[in-house]
Peer 1: 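Pasting a structure below so you can have a look.
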Amino acid sequence: MKTTGVRSVAMRIAAALSVAAVATLSVPAQSSATPNSGLPTIVSLGDSYIAAPGGRWFGNSNDPLGNRNGTDRAYAAGTYDTTRVYGSSGDCYRSDTTEVNSAAIPYEGGMLKTVNLACSGSKAENIWPAEAGGQPLKGEQPQGDQLKEVAQRDDVKAIVLSVSGNDLGFGDIITNCVLAFQNPFGRPCYASEQADLDWKMDRAMALLDKAVKDVRFVMAKSGYREYDYRLVVQSYPSPLPRGSEMRYPQGGILGNSRTYQGCPMFDADLNWARDSLVPALSSRIGEIAKGNRADFLDLSDAFQGHEACSKSTRVADAQNRPTSATMDWTRIFNTGVFQGSLEESFHPNAYGQRALGHCLNQWWFMTWPRNMGGAYKCVPEGRRDDQMALSVIG
C-alpha cells in the first residue's frame, strides 16, 4: 500500500496519477515453451505491503536508543545496520520476514523457494511488463519482466500479488488526515477523502485488472498453463484500529498523546478507514481476482486487535519485552528522526508479516490442488502471530 507514498507526509507532495492506457496484451495462441524444471518457487509481486518495509520492527517502543527495548532488529554491536533486515534491496525495502518468506511452504520433501520482487512505492504500472507499458521503479525493471526471468529459470508454483494502494493515493490520504489532526482548527478528513476516492476507485481497479491479466500473459509467454501455478490477489490489513479501540484518547493538550505515540488521527477518520475504506477496497479487489480466475485473500481483518496503538496491545519497555501476543503488528507513524525511516510507517512489522505468512501457508494447503477463483478470509484466532485462521468466503 505504501510507502503508499507516506513520504508525502513529510514533503507534502501529492503524486499525480498516471494516465497510462489500460490495454491488455493478447496471449499467443500456442507456445512451444514449457515450465522450467528448476526449483519449485513462490513469487511475490506488488507494493510495500508485501515488500515489507516495516519488517525491521518487533512491535513499537518509545525508547530512541539501543535496540529500542528489543524491537529494533537492525541493531547490533552498537550500530544500526538495515541490511540485516532489508538486505541489498535499497529503497524497495524488501524484508527478510516478508509474507512469502514467513509462509515457509513445504513442497515434495523440501520447501518452496521464495522470490520477492515487490518494491515499496509500486503502482500497477510497475507490475506490467515493459512491452505492455510497464514502468521501471527505483532502478529496477518492471516486475512483470523480472517475473519472466524467474519463470524461465525456476518452476513457479504460486504468485502472490498485492497492489492498488498507491494508485488510489493512500499516501495522500495519510498526509491529509495527519495534517488535519495536528491543525488546531482541523476537522476530520474522511468526507473529502471519500469523495476523492470515489472518482479514483474505478480507474485503480482497471489498472489492477490489467496487472492481473499481464501476470497471466507473462506466465503464458513463458510456457505455463493457468493450472501449472496458482495466482492469489490479496487485499490489505487495516493498520489502525477504530476510534473506540484506540489506546490513546482523542482529546488533550496539543493533540494529546496520539501524536507522540505515532497514531495522529481523529476518531471519525479511524472509523471511516477501518469500517469503510479498507473493507470497500477489499471487496473491489476480490471482484478483480474472481474475474481473472485468480484466488482472493481477504486480509482486511487480519490485524484485528493488533493494529498500531490498539487497546489490546502495548509498547515495549524495560519490563515488557516484545512478543507477538502483546505487541502491535503495524509500525507506528514515524518521521524517521528518532527511530527508523518514514517509509516504514503504518506497514506490517515483523510480527505482522509472520501473521500474513501463516495466512498464506494455510491458503496453500487449503487450495492445492483446487479449481481457480476461490475467495478466502484470514483472521486471528488467538493472540500470537502463528494463530491465524483461514476460511472460505466464496
Side-chain angles (χ1 to χ4, degrees), residues 6 9 52-82 84-86 93 95-97 102 174 178 181-182 237-265 267 270 274 302-356 380 382-388:
V6 82
V9 178
R56 173 177 175 175
W57 304 94
F58 277 146
N60 298 303
S61 169
N62 294 327
D63 189 344
L65 304 176
N67 65 8
R68 283 89 184 226
N69 300 123
T71 62
D72 192 345
R73 302 175 56 235
Y75 181 81
T79 63
Y80 300 102
D81 179 6
T82 58
R84 289 165 52 87
V85 179
Y86 304 122
Y93 288 95
S95 168
D96 58 345
T97 60
S102 296
I174 292 171
V178 168
F181 184 80
Q182 294 178 332
S238 178
L240 290 162
R242 300 170 180 87
S244 62
E245 299 168 345
M246 174 64 72
R247 188 186 308 145
Y248 311 106
Q250 178 175 287
I253 300 174
L254 299 177
N256 67 66
S257 55
R258 283 192 187 178
T259 297
Y260 174 71
Q261 298 291 346
C263 299
M265 287 192 183
D267 283 348
L270 292 168
R274 184 67 182 84
F303 288 178
Q304 176 61 39
H306 281 283
E307 305 96 334
C309 302
S310 170
K311 282 183 178 178
S312 300
T313 54
R314 63 192 181 202
V315 295
D317 56 34
Q319 288 72 43
N320 299 291
R321 307 302 286 180
T323 69
S324 68
T326 60
M327 295 291 110
D328 301 340
W329 291 355
T330 301
R331 181 67 177 148
I332 55 172
F333 175 75
N334 176 45
T335 61
V337 175
F338 299 108
Q339 291 191 28
S341 68
L342 181 67
E343 287 81 1
E344 296 165 341
S345 300
F346 293 151
H347 285 81
N349 61 27
Y351 291 137
Q353 287 294 331
R354 292 191 335 199
L356 298 179
R383 293 298 301 167
R384 300 195 312 268
D385 58 16
D386 62 349
Q387 295 177 313
M388 305 297 291

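Only this structure's heavy atoms are used, side chains among them; waters, hydrogens and symmetry mates stay out.
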Peer 1: State whether a side-chain donor-acceptor pair under 3.5 Å links Arg258 with Gln182.
Peer 2: no
Peer 1: Between Ser310 and Arg247, do the side chains contain a donor N or O and an acceptor N or O under 3.5 Å apart?
Peer 2: no
Peer 1: Minimum heavy-atom separation for Leu342 and Phe333, please, with both atom names.
Peer 2: CD1-CE1, 3.8 Å
Peer 1: Without swapping roles, check the side chain of His306 against the backbone of Met327 for a donor-acceptor pair under 3.5 Å.
Peer 2: yes
Peer 1: Given 3.5 Å as the limit, does a donor-acceptor pair link the side chain of Lys311 with the main chain of Ser244, or not?
Peer 2: yes
Peer 1: So, Asp72 and Asn67: side-chain donor and acceptor under 3.5 Å apart, yes or no?
Peer 2: no
Peer 1: Please determine, by modelled atom types, if Glu307 and Trp329 share a side-chain donor-acceptor pair under 3.5 angstrom.
Peer 2: no
Peer 1: Working to the nearest 0.5 Å, report the span between CG of Asn69 and CZ of Arg321.
Peer 2: 5.5 Å
Peer 1: Atom OG1 in Thr259, atom OH in Tyr248: separation rounded to 0.5 Å?
Peer 2: 12.0 Å
Peer 1: Just checking, Arg56 and Tyr75: is the charged tip under 6.0 Å from the six-membered ring centre and within 45° of the axis?
Peer 2: no
Peer 1: Which heavy-atom pair separates Gln387 from Arg383 by the least distance, and what is that distance?
Peer 2: OE1-N, 2.9 Å
Peer 1: Could you tell me the separation between the OG1 atom of Thr313 and the CG atom of Asn320, rounded to the nearest 0.5 Å?
Peer 2: 12.0 Å
Peer 1: Answer yes or no: is there a side-chain heavy-atom contact under 4.5 Å between Arg242 and Gln304?
Peer 2: yes
Peer 1: Any non-hydrogen side-chain atom of Val315 less than 4.5 Å from a side-chain atom of Gln261?
Peer 2: yes
Peer 1: Measure the shortest side-chain to side-chain distance between Val85 and Ser95 over non-hydrogen atoms and say whether it is less than 4.5 angstrom.
Peer 2: yes
Peer 1: What heavy-atom pair brings Ile332 and Cys263 nearest, and what distance separates the two atoms?
Peer 2: CG2-SG, 4.4 Å
Peer 1: To the nearest 0.5 Å, what is the distance between CG on Asp385 and CD on Gln353?
Peer 2: 11.0 Å
Peer 1: Tell me, with the steps shown, if Leu270 and Met246 meet side chain to side chain contact (heavy atoms under 4.5 Å, CB included).
Peer 2: CA-CA 9 Å; Leu270 292 168; Met246 174 64 72; 3.4 Å; yes
Peer 1: Quick one: which of Pro348, Pro239, Pro241 gives a side chain to side chain contact (heavy atoms under 4.5 Å, CB included) with Phe303?
Peer 2: Pro348
Peer 1: So which atom in Ala350 and which in Phe58 form the shortest heavy-atom distance, rounded to 0.1 Å?
Peer 2: CB-CE2, 3.5 Å
Peer 1: Identify the two heavy atoms, one from Gly305 and one from Ser312, that lie closest to each other, and give their separation to 0.1 Å.
Peer 2: O-CB, 3.3 Å
Peer 1: For Pro64, does its backbone N or O pair with a side-chain atom of Arg68 as donor and acceptor, under 3.5 Å?
Peer 2: yes
Peer 1: What pair of heavy atoms forms the shortest contact from Tyr351 to Asp328, and how long is it?
Peer 2: CD1-O, 4.2 Å
Peer 1: Does Asp96 pair with Arg84 as a salt bridge, N-O distance under 4.0 Å?
Peer 2: no
Peer 1: Quick check: do Met265 and Leu240 have side-chain heavy atoms less than 4.5 Å from each other?
Peer 2: yes
Peer 1: Just how far is it from atom CZ of Phe346 to atom CD1 of Ile174, taken to the nearest 0.5 Å?
Peer 2: 6.0 Å
Peer 1: Relative to the ring of Tyr86, is the ring of Tyr93 parallel (under 30°), tilted (30 to 60°) or perpendicular (over 60°)?
Peer 2: perpendicular
Peer 1: How long is the span from the CG atom in Asn60 to the CG atom in Asn349, to the nearest 0.5 Å?
Peer 2: 6.5 Å
